[in-house]
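Take a look at the structure below.
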Protein chains: 2
Amino acid sequence: MTKALERREKLRVDLIQAAEGMIAERGLAGLKTRDLAREIGCANGAVYNLVADVDELVLLVGSRTLHRLDKALSAAESADAPSPQETLVRIAIAYCDFAAENLELWRALFEHRMAADKILPDWSVNDQLQLFRHIYQPLAQLLPKRSQEQFGITARSLFSAVHGMVALGLEQKLVAVPLPALRKEIANLVRAMIDGLVAREVKMIGGG
Amino acid sequence: MTKALERREKLRVDLIQAAEGMIAERGLAGLKTRDLAREIGCANGAVYNLVADVDELVLLVGSRTLHRLDKALSAAESADAPSPQETLVRIAIAYCDFAAENLELWRALFEHRMAADKILPDWSVNDQLQLFRHIYQPLAQLLPKRSQEQFGITARSLFSAVHGMVALGLEQKLVAVPLPALRKEIANLVRAMIDGLVAREVKMIGGG
DNA sequence: AATTTTTATTGAACGATGTTCAAGGTTCCT
DNA sequence: AGGAACCTTGAACATCGTTCAATAAAAATT
């Protein structure tokens, strides 16, 4: 009972790693079941014993990517910065750096679209929601008056804005932006956003 | 000499319109040459007399989408707003509304990846760069001290930040955000960003 | 108007791809 | 050892984008 399962488990791990490497090297569109099978040493059809379909495989790789991203953001979060504002700047830059260093894997997180009828599993949704939590603590120090709900929305907006700068900044369709310039620009705009948010927090009583 | 070319031109227009409709209805992944051929009444292979390949077709549809987006942003830009800041807010919301109303076509602009060896034509690059120009004038009124280069970078950053909020906000993978809430949140963050940028403009002499 | 030359259109065929499945092999329990 | 349960295989299928020899149409020439 163990021998077969062991092999299966090992193969499954190999498969996920091979898929990760293949996406990193050739992009999401370069992921091919036959190449994967050859790489891990099994038949093409055997891939479907290890995984339901490629969608699931991409989701599994995505989960690994999200966890590595999570670690990178955690490091930036807990590094001692002079202020909550600078903590947020560091998190934003950590996000940018991670995307640049893991470009294809990071892109795969957003490029991948499942067939409309299939629903994505809970663990995958959870993985994604964890990302926002990194900016909660420093942001809470800066915006203490907001309600829990307003706060969550603001956190997501801030995250999304940085994501947009990274996404378009690393896009090669438009003029490619040199990475140091992008980092600097992200730092600038994050500082400005926070300044503005804090100033508005003071001005408003009720929020809106 | 005319008869054949006329038919060709008409078919080509039909093809592009059919492709546009198909992307709008079924997404970029739902675009199929055989379905297109059936829809415009020609053989599958004939598509390649009208267009080099699917990449070019997607680019042509993208060009149309960009021009419509351009018009929507122009309207927001020239609507009389109480201040340059509010003009920028309106442009941002116009971007959000366009994306929501043209979801699949708008997504196709960013989802599409050409084969790495093919270079995308000049007219396509130009189409894209035109977008940033909409926020130049109101932003210039708010940030008069910036150099031309700093200014261009800031404009792109602001645009990218809004793009990110729209992109993640309209994504269905995460919790779907209701559109009115998204619009409100975009308005909030744009105002905050501008407040912050203006405040920083005053504080700094040289820039950075 | 007839014939030749040039051009356009067709749809069958090719190569790749994700996915399935009957056939054959392996492993495990008794 | 023997049989039941399970696993793996690779050929086969359906669906793509794309190509191309054959066919039809148009244009040019006589």
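FYI, side chains are in, hydrogens and waters are out, and symmetry mates aren't considered; it's all heavy atoms of this structure. Just so we're on the same page: letters track the sequence lines, and every chain starts at 1.
- Between A:Phe110 and B:Phe110, the ring center distance fails the sub-6.0 Å criterion.
- By the salt bridge (Lys or Arg N to Asp or Glu O under 4.0 Å) test, A:Lys118 is found to be paired with A:Asp53, A:Asp55, residues two or more places apart in sequence or in another chain being considered.
- By the ring pair (Phe, Tyr, Trp, His ring centres under 6.0 Å) test, A:Phe151 is found to be paired with A:Tyr136, residues two or more places apart in sequence or in another chain being considered.
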For this session: Go through the steps for B:Arg113 and A:Glu171 under the test salt bridge (charged side-chain N to carboxylate O under 4.0 Å, His left out), then give the verdict.
Result: CA-CA 10 Å; B:Arg113 297 234 174 278; A:Glu171 188 94 19; 3.1 Å; yes
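- Rounded to a whole Å, the CG atom of B:Leu36 is 17 Å from the C1' atom of C:dG11.
- Taking every heavy atom of residues 51-63 of chain B and every atom of DNA chain D, pairs under 4.0 Å involve B:Asp53, B:Val54, by number.
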Check nucleotides 11-14 of chain D against the protein and report each pair of N or O atoms closer than 3.5 Å, with its distance, or say if there are none.
none

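- Contact annotation: B:Arg7 reaches the phosphate of C:dT9 (side-chain N/O to OP1 or OP2, under 4.0 Å).
- Ring orientation note: the planes of B:Trp106 and B:His163 are tilted relative to one another, at an angle of 30° to 60°.
- Contacts between residues 12-31 of chain A and DNA chain D, defined by a heavy-atom separation below 4.0 Å, involve no residue at all.
- When distances run from any side-chain atom of A:Lys32 to the nucleotides D:dT9, C:dT17, C:dT9, the shortest one goes to C:dT17.
- Between B:Leu50 atom CG and D:dT18 atom C1' there is a gap of 14 Å when expressed in whole angstrom units.
- Distance, A:Ile40 CD1 to D:dT8 P: 10 Å, rounded to whole Å.
- Taking the side-chain hydrogen bond (donor to acceptor under 3.5 Å, both in side chains) definition, one finds that A:Asp97 meets it with A:Arg183, sequence neighbours left out.
- Between B:Ala76 and B:Ala94, the shortest heavy-atom distance links the atoms CB-CB, 3.7 Å.
- Both A:Gly41 and B:Ala46 lie close to DNA chain D; mapped to their nearest nucleotides by heavy-atom distance, the more 5′-ward contact belongs to A:Gly41.
- Remark: B:His134 pairs with no residue by the ring pair (Phe, Tyr, Trp, His ring centres under 6.0 Å) rule, at least two apart or across chains.
- In this structure, the CD atom of B:Glu9 is 14 Å from the C1' atom of C:dA8, given to the nearest Å.
- Residues forming a side-chain hydrogen bond (donor to acceptor under 3.5 Å, both in side chains) with B:Thr33 (at least two apart in sequence, or on another chain): B:Asn44.
- Looking at residues two or more places apart in sequence or on another chain, you find no side-chain hydrogen bond (donor to acceptor under 3.5 Å, both in side chains) involving B:Ser160.
- As a whole-Å value, the separation of A:His112 NE2 from C:dG18 C1' is 13 Å.
- Between the CZ atom of B:Arg38 and the P atom of D:dG17 there is a distance of 12 Å, rounded to whole Å.
- With hydrogens and angles ignored, the 3.5 Å screen pairs a side-chain donor or acceptor of B:His67 with a backbone N or O of B:Ser63.
- Every side-chain hydrogen bond (donor to acceptor under 3.5 Å, both in side chains) that A:Arg64 has, sequence neighbours left out, goes to A:Glu20.
- When each of C:dT20, D:dT19, C:dT9 is scored by its nearest atom to the side-chain atoms of B:Tyr48, the top-ranked nucleotide is D:dT19.
- For the atom pair CG of B:Leu189 and CZ of B:Arg191, the computed distance is 11.0 Å after rounding to the nearest 0.5 Å.
- Comparing the local axis fitted to the first five base pairs of the helix from C:dA1-D:dT30 to C:dT30-D:dA1 with the one fitted to its last five gives a bend of 10°, rounded to 10°.
- If you measure from atom CG of B:Asn49 to atom C1' of D:dA25, you get 13 Å, rounded to the nearest angstrom.
- Taking the salt bridge (Lys or Arg N to Asp or Glu O under 4.0 Å) definition, one finds that B:Arg26 meets it with B:Asp35, sequence neighbours left out.
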